[in-house]
Number of protein chains: 2
Amino acid sequence: MKELLMYFNRFQALPKEAEIAITEICSTLSIKKNENLQSIGHTCRTIYFVKKGIARIYYYKDGIDITESFSTENTIIARVESLFTGTPSRKAIQIVEDAVIVAINAHKLFQLYDTFPSIERLFRKIFERAYVETVNRIESIQFHSAEERYLALLQDTPNIVQRVPLKCIASYLGITQVSLSRIRANIK
Amino acid sequence: MKELLMYFNRFQALPKEAEIAITEICSTLSIKKNENLQSIGHTCRTIYFVKKGIARIYYYKDGIDITESFSTENTIIARVESLFTGTPSRKAIQIVEDAVIVAINAHKLFQLYDTFPSIERLFRKIFERAYVETVNRIESIQFHSAEERYLALLQDTPNIVQRVPLKCIASYLGITQVSLSRIRANIK
DNA sequence: GCAATCCTTTTACATTTGTTAAATAATCAC
DNA sequence: GTGATTATTTAACAAATGTAAAAGGATTGC
């Protein structure tokens with residue numbers, strides 16, 4: 001749990017009691033590659049923190065598996081479109097590489113918001129940051145070529161490219177696997 | 001200001017004192033078409049509410065004017081990547097149609113967070129919703145054709161399509177104006 | 001009302017990416 | 001280890017979108 005509290009502390013200092021209260025609504029899971037952490041059709045009521053390994057959010061578009069995002073060590077992962085609206089998610093969370101995950105009970109977390117304003121503030125800041133990253137990603141998708149996006153991913157998160165199957169990378173970049181292969185062949 | 005308080009109330013009920021405190025850090029502006037509300041290079045310290053008219057966030061990519069988003073009556077507009085990181089924005093906010101705008105002083109707003117937890121909660125919810133919309137927009141950009149995206153825009157916000165120059169719509173959709181013309185010609 | 005400017009469409013051609021299918025290469029289960 | 005499965009690459013062709021240039025339309029300022 002130490003990693004999680006250190007992660008939190010980078011956003012917002014918490015009083016000891018708040019740290020304890022959060023710890024009490026968390027549980028740690030070890031999950032094997034290819035298992036689903038959450039499946040399609042369920043309403044998201046958990047926020048996850050990746051302690052070890054890699055997870056991805058994916059969904060099906062016209063029967064094709066599309067990766068929406070990856071999360072690796074020391075990052076948060078959640079299907080926010082379900083978490084914040086209370087509607088069932090069309091997306092699933094899958095473990096891409098054997099993982100140790102901390103699961104935060106979102107319902108209990110939101111209750112803690114009333115007792116500990118610092119916890120509400122912490123998660124406000126966490127999701128503000130995630131929001132900014134999402135805005136930046138739109139720019140990347142919309143106005144960079146597929147090759148530029150691949151090179152940027154290689155530069156920003158080389159370990160993702162190394163540790164994740166290319167078919168997941170391709171759909172994350174918004175292109176087909178064939179296109180990604182072509183791009184990789186061109187670069188060498 | 002009534003519209004703004006009604007907008008807030010849809011997210012979070014506020015005690016009277018909180019409403020008054022917010023009202024005191026707001027000012028109302030009338031701005032003419034084509035004027036910039038905020039310019040490129042300045043750090044965003046204001047959150048805007050569009051009471052009347054249309055505004056857009058735009059920036060230059062390789063010298064070409066790109067529209068990131070539109071805001072019309074009863075919506076919030078802010079350059080969050082600057083607001084939440086404190087760094088200068090590469091983006092500007094421009095008025096697309098004569099507008100009445102409520103400007104909320106973000107610095108003072110963030111101070112109010114300490115006095116009124118309900119205000120912090122209100123804006124947490126506002127930006128959580130905006131975050132969800134941004135996540136959904138990525139899906140739309142990445143996995144729908146340009147024609148599908150245009151048709152969706154026509155359906156979801158027909159008044160934007162009617163009231164905004166097509167060159168702004170084109171870059172918002174991530175395509176060239178020529179492509180948009182082709183799509184429009186195809187539909188008829 | 002007119003010239004100047006800006007917006008939109010059209011055309012022709014270039015480039016990128018998608019689609020389908022097949023061939024290798026790598027990994028997994030037993 | 002071996003066969004089966006899965007992942008990746010390659011090839012040939014199709015479709016979508018971009019680029020550049022020109023021509024109409026619409027709007028604006030005086």
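All chains are named by letter (A, B, ...) in the order of the sequence lines, taking the proteins before the strands, and each is independently numbered beginning at 1.
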Could you give the [atom1]-to-[atom2] distance, from [X] to [N], as a whole number of Å?
X: B:E148; N: D:dA16; atom1: CD; atom2: P; answer: 11 Å
X: A:L180; N: D:dT8; atom1: CG; atom2: P; answer: 9 Å
X: B:K33; N: C:dC6; atom1: NZ; atom2: P; answer: 13 Å
X: B:R184; N: C:dC7; atom1: CZ; atom2: P; answer: 15 Å
X: B:I64; N: D:dA20; atom1: CD1; atom2: C1'; answer: 12 Å
X: B:D98; N: D:dT28; atom1: CG; atom2: P; answer: 10 Å
X: B:I175; N: C:dT16; atom1: CD1; atom2: C1'; answer: 15 Å
X: A:I141; N: C:dT17; atom1: CD1; atom2: C1'; answer: 16 Å

When you measure from the side-chain N and O atoms of A:R182 to the phosphate of D:dT9, is any distance below 4.0 Å, counting only OP1 and OP2?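 For D:dT9, OP1/OP2 do not have a side-chain N/O of A:R182 under 4.0 Å.
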
Do any side-chain nitrogens or oxygens of A:T176 fall under 4.0 Å of OP1 or OP2 in C:dG18?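 Yes, because at least one side-chain N or O of A:T176 sits under 4.0 Å from OP1 or OP2 of C:dG18.
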
I would like to know whether B:E128 and A:Y131 meet side chain to side chain donor-acceptor pair (under 3.5 Å); could you show each step before the answer? CA-CA 8 Å; B:E128 279 175 0; A:Y131 178 23; over 6 Å; no

Of all the choices, [options], which nucleotide is nearest to the side chain of [X] once you look at every atom?
X: A:V178; options: C:dT17, D:dT17, C:dA21; answer: C:dA21
X: A:A185; options: C:dT19, C:dT9, D:dT10; answer: D:dT10
X: A:S179; options: D:dA21, C:dG18, D:dT28; answer: C:dG18

Centre-to-centre under 6.0 Å for B:Y172 and B:Y150, is that the case here? no

Aromatic centroids of A:F127 and B:F127 separated by under 6.0 Å: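 When the ring centroids of B:F127 and A:F127 are compared, they turn out to be at least 6.0 Å apart.
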
Can any side-chain N or O of B:E148 pair as donor or acceptor with the backbone N or O of B:S145 at less than 3.5 Å?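 Checked: pair present.
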
Near-strand residues of residues 152-170 of chain B, defined as heavy-atom separation under 4.0 angstrom from DNA chain C: B:P165, B:L166, B:K167

Supply the atom-to-atom distance B:I77 CD1 to B:I95 CD1, rounded to the nearest 0.5 angstrom.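 One gets 7.5 Å once the value is rounded to the nearest 0.5 Å.
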
Just how far is it from atom CD1 of A:I40 to atom CD of A:Q94, taken to the nearest 0.5 Å? 10.0 Å

Fit a plane to each ring of A:Y59 and B:F143, take the angle between them on a 0 to 90° scale, and name the class: parallel (under 30°), tilted (30 to 60°) or perpendicular (over 60°). perpendicular

Scan B:Q177 against the nucleic acid and name what it touches under 4.0 Å (heavy atoms): base, sugar-phosphate only, or nothing. base

